[in-house]
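Worksheet: the structure to be examined is printed underneath.
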Amino acid sequence: MEKIRGIIDRFEGELAVVEIEGVTKDFDKSIFPESAEPGDFVEIEGDIVTILEDETEKRRKEIQDLMDELWED
């Protein structure tokens with residue numbers, strides 16, 4: 001089975017909207033871990049979703065660094 005990697009964009013009711021290579025795709029929210037939240041990097045294989053914690057943290061740090069640069073005096 002193919003592994004798909006993407007970023008959780010948002011949750012809408014019973015759907016999880018995931019951005020995969022610039023395109024959003026809807027998945028059943030029930031296959032996601034309860035701890036999943038928008039911005040998390042995930043790997044989806046069939047109906048198994050894994051949060052890629054290292055990738056998520058790396059991305060959040062990069063965004064924070066960019067924001068810090070933007071707001072520097």
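Nothing here was measured: the structure is a model prediction, and the numbers come from that model. Values below: every heavy atom of this structure, side chains too, minus hydrogens, waters and symmetry copies.
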Got a sec, which residues hit side chain to side chain donor-acceptor pair (under 3.5 Å) with E43, two or more places apart in sequence or on another chain?
R5
For K61, side chain to side chain donor-acceptor pair (under 3.5 Å) partners two or more places apart
D65
Output all residues satisfying side chain to side chain donor-acceptor pair (under 3.5 Å) with E12, sequence neighbours left out; order by chain, then residue number.
R10
Pair D40 + R60, salt bridge at N-O below 4.0 Å:
yes
Other residues, nucleotides and ligands only: do more than 12 of their heavy atoms fall within 6.0 Å of CD on E62?
yes
Checking one residue: L15. Which other hydrophobic residues are in its cluster under the side-chain 4.5 Å linking rule?
none
Report the residues that fulfil side chain to side chain contact (heavy atoms under 4.5 Å, CB included) with E45, sequence neighbours left out, ordered by chain and then residue number.
M1, K3
So, using side chain to side chain donor-acceptor pair (under 3.5 Å) as the criterion, who are the partners of E55 when residues are at least two apart?
none
Would L70 and I63 show up in the same hydrophobic cluster when neighbours are defined by side-chain heavy atoms closer than 4.5 Å?
yes
Looking at residues at least two apart in the chain, or sitting in another chain, which of them share a side chain to side chain contact (heavy atoms under 4.5 Å, CB included) with S30?
D28
Which distance, rounded to the nearest 0.5 Å, do you find between the CD of E69 and the CD of Q64?
11.0 Å
Side-chain heavy atoms under 4.5 Å apart, restricted to Ile/Leu/Val/Met/Phe/Trp/Tyr: what other residues fall into the cluster of I44, or is it alone?
I4, I8, F11, V18, I20, F27, I31, F32, V42, V49, I51
Does E53 CD have over 12 foreign heavy atoms under 6.0 Å away?
no
Could you identify which residues cluster with L52, counting Ile, Leu, Val, Met, Phe, Trp and Tyr as linked when any side-chain heavy atoms lie under 4.5 Å apart, either directly or through a chain of such contacts?
I7, F41
May I ask you to check whether over 12 heavy atoms, not counting those of D68, lie within 6.0 Å of atom CG?
yes
